[in-house]
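Each remark here refers to the structure printed beneath this line.
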Amino acid sequence: MDLRGRSFLTLKDFTPQEIVYLIDLAAEYKEKKKKGILHDTLRGKNIALIFEKTSTRTRCSFEVAAHDLGMGTTYLDPSGSQIGKKESIADTARVLGRMFEGIEYRGFEQAIVEELAKHAGVPVWNGLTNEYHPTQMLADMLTIREHFGHLEGIKLTYMGDARYNMGNSLMIACAKLGMHFTACTSKEYFPDAALVAECEEYAKQSGASITLTEDVDAGTKKADVIYTDVWVSMGEPEEVWAERIEKLSPYKVTKAVMDNAGEQSIFLHCLPAFHDLKTKIGKEQGEKYHFTELEVTDEVFESKQSLVFDEAENRMHTIKAVIAATLGA
Ligand code: CP
Ligand code: NVA
């Protein structure tokens, strides 16, 4: 498997074999890390990390992964560079491509990261756009595989806003890897029909299936994985909160949902999560809209079935695999 020189923008660009290869490579790096075996085979190389939106996991994963591989990193924060304000994406790409061996981008439209990749001349990695979050998928799949021992045939139910980066990406990942994807949400939050059709094509090859339902009982019954994400994503306007709370509250992940899925079921969330009021935004919105927990109850979040911190750790191992494979470690 040779992924050298490739950008990592969406899983749509990768075959199931290539995706599994990256998950396998991440598992190898994880083992090396746990055993204290150094793997700094990219010494002397440097990567740029562009973040037009904030981050904890993705930024730290790229930085730690790069340092473990022996590389240097430069972080460009949401306000500290010329990007998009005084300098176009194409010009930025051509400048950074002369200095760095790879570029991570987190920001708004997928078209921006595509444009960056077109002009950079070095691999570009999508650290989250409005449409997709592909590095998160590798971490999620590694976590699911570690727990169940396999991916094929796993039934994953996504609850919440299934039209955005997480819903889209999980549907693609499941469709490519032979898993059964269900979007269980209010119908205005179903994924885009064109993307569903594209995923149906992948599903024909892999044996996957895609189900869209508003019925919580049917949609979560015997699910192996119950997955949710925040109801209001980064960059969305304040005005959407009221509507999201109204429409998505029936799709909150509760103990009743987990019990309906069964005791074999695990809970995943890309994080950060509003499972209590211990955050500034959670507290403000909670007071305004009278809630104490939002997309998932604290009980589920803190339960044994919740593997969210294994999942968060796996961000680093899987991002390391993407850097290593595309730069030829
Ligand atoms: N899951 C995720 O991408 O987290 P951050 O926003 O903290 O990077
Ligand atoms: N849908 C969320 C994912 C965060 C990792 C967002 O875009 O804010």
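This chain uses plain numbering: 1 for the first residue, then up along the sequence. Predicted, not measured: the structure shown is a model, and the values here were computed from it.
Considering all non-hydrogen atoms of both residues, P78 and T54 come closest at CG-N, 4.5 Å. Between L25 and A325, the shortest heavy-atom contact is CD2-CB, 4.0 Å. When all heavy atoms of E115 and A90 are compared, the pair lying nearest together is OE2-CB, 3.7 Å. For the residue pair S61 and M316, the shortest heavy atom distance occurs at OG-N, 3.4 Å. Counting all heavy atoms, side chain and backbone alike, I103 lies closest to L116 at CG2-CD2, 4.2 Å.
Residues Y21 and M141 share a single hydrophobic cluster, defined by chaining ILVMFWY side chains whose heavy atoms lie under 4.5 Å apart. Using a 4.5 Å cut-off between side-chain heavy atoms of Ile, Leu, Val, Met, Phe, Trp and Tyr, with links allowed through other members, F62 and I83 fall into different hydrophobic clusters. No continuous path of hydrophobic side-chain contacts links I144 to V296 [ILVMFWY only; heavy atoms under 4.5 Å]. Hydrophobic clustering of Ile, Leu, Val, Met, Phe, Trp and Tyr side chains at less than 4.5 Å, counting indirect connections, unites F181 with L177. Hydrophobic clustering, with ILVMFWY side chains joined whenever heavy atoms are under 4.5 angstrom apart, keeps M71 apart from I50.
Side-chain contact of Q205 with E201: a donor-acceptor pair under 3.5 Å is absent, judged by distance alone. Checked by atom type, the side-chain pair D310/T143 shows no donor-acceptor distance below 3.5 Å. One side chain, T326 or W125, offers a donor N or O that lies under 3.5 Å from an acceptor on the other. Side-chain atoms of Y227 and E311 include a donor-acceptor pair closer than 3.5 Å. Side-chain contact, T297 with E299: no donor N or O sits under 3.5 Å from an acceptor N or O.
For the pairing with E295, the side chain to side chain donor-acceptor pair (under 3.5 Å) check across R244, H269, K252 returns one residue only, H269. The side-chain contact (heavy atoms from CB on, under 4.5 Å) test with K33 is passed by exactly one of E313, H317, E28: H317. For the side-chain contact (heavy atoms from CB on, under 4.5 Å) criterion with L170, the lone passing option out of H133, Q136, M137 is M137.
Taking the charged nitrogens against the carboxylate oxygens, D68 and K320 do have a contact shorter than 4.0 Å, which makes a salt bridge. With respect to the salt-bridge test (charged N to carboxylate O, under 4.0 angstrom), the residues R6 and E18 qualify.
Looking only at distances, a side-chain donor or acceptor of D224 sits under 3.5 Å from a matching main-chain atom of K155. With S306 contributing its side chain and E302 its backbone, the two residues share no donor-acceptor pair below 3.5 Å. Between the R43 side chain and the D40 main chain, a donor and an acceptor come within less than 3.5 Å of each other. Judged by distance alone, with hydrogens and angles left aside, the side-chain atoms of T129 form a donor-acceptor pair with the main-chain N or O of Y132 at under 3.5 Å. Side-chain N or O atoms of S209 include none that pairs as donor or acceptor with a backbone N or O of H180 at under 3.5 Å. With hydrogens and angles disregarded, a donor-acceptor distance shorter than 3.5 Å links the side chain of S55 to the backbone of R59. Checked by atom type and distance alone, the side chain of E293 never pairs as donor or acceptor with a backbone atom of D276 at under 3.5 Å. One N or O on the side chain of T10 and one on the backbone of K12 form a donor-acceptor pair closer than 3.5 Å. Not one N or O on the side chain of K222 forms a donor-acceptor pair closer than 3.5 Å with the backbone of A261. For the pair E152 (side chain) and G178 (backbone), a donor-acceptor distance under 3.5 Å is absent.
For F51 and Y105, the ring centers sit 6.0 Å or farther from each other.
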Full working for side-chain contact (heavy atoms from CB on, under 4.5 Å) between S186 and Y251: CA-CA 8 Å; S186 179; Y251 302 95; 4.0 Å; yes
Verdict with supporting geometry, E104 and N126, side chain to side chain donor-acceptor pair (under 3.5 Å): CA-CA 6 Å; E104 181 276 353; N126 178 359; over 6 Å; no
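Cation-pi geometry between K53 and F108 is met: under 6.0 angstrom from the ring centre, within 45 degrees of the axis.
Going from atom CD of E198 over to atom CG of N168 covers 10.5 Å, rounded to the nearest 0.5 Å.
Using cut-offs of 30° and 60° for the angle between ring planes, the Y29 and H39 rings count as tilted.
Here L128 is tied into one hydrophobic group with M234, each link being a pair of ILVMFWY side chains closer than 4.5 Å.
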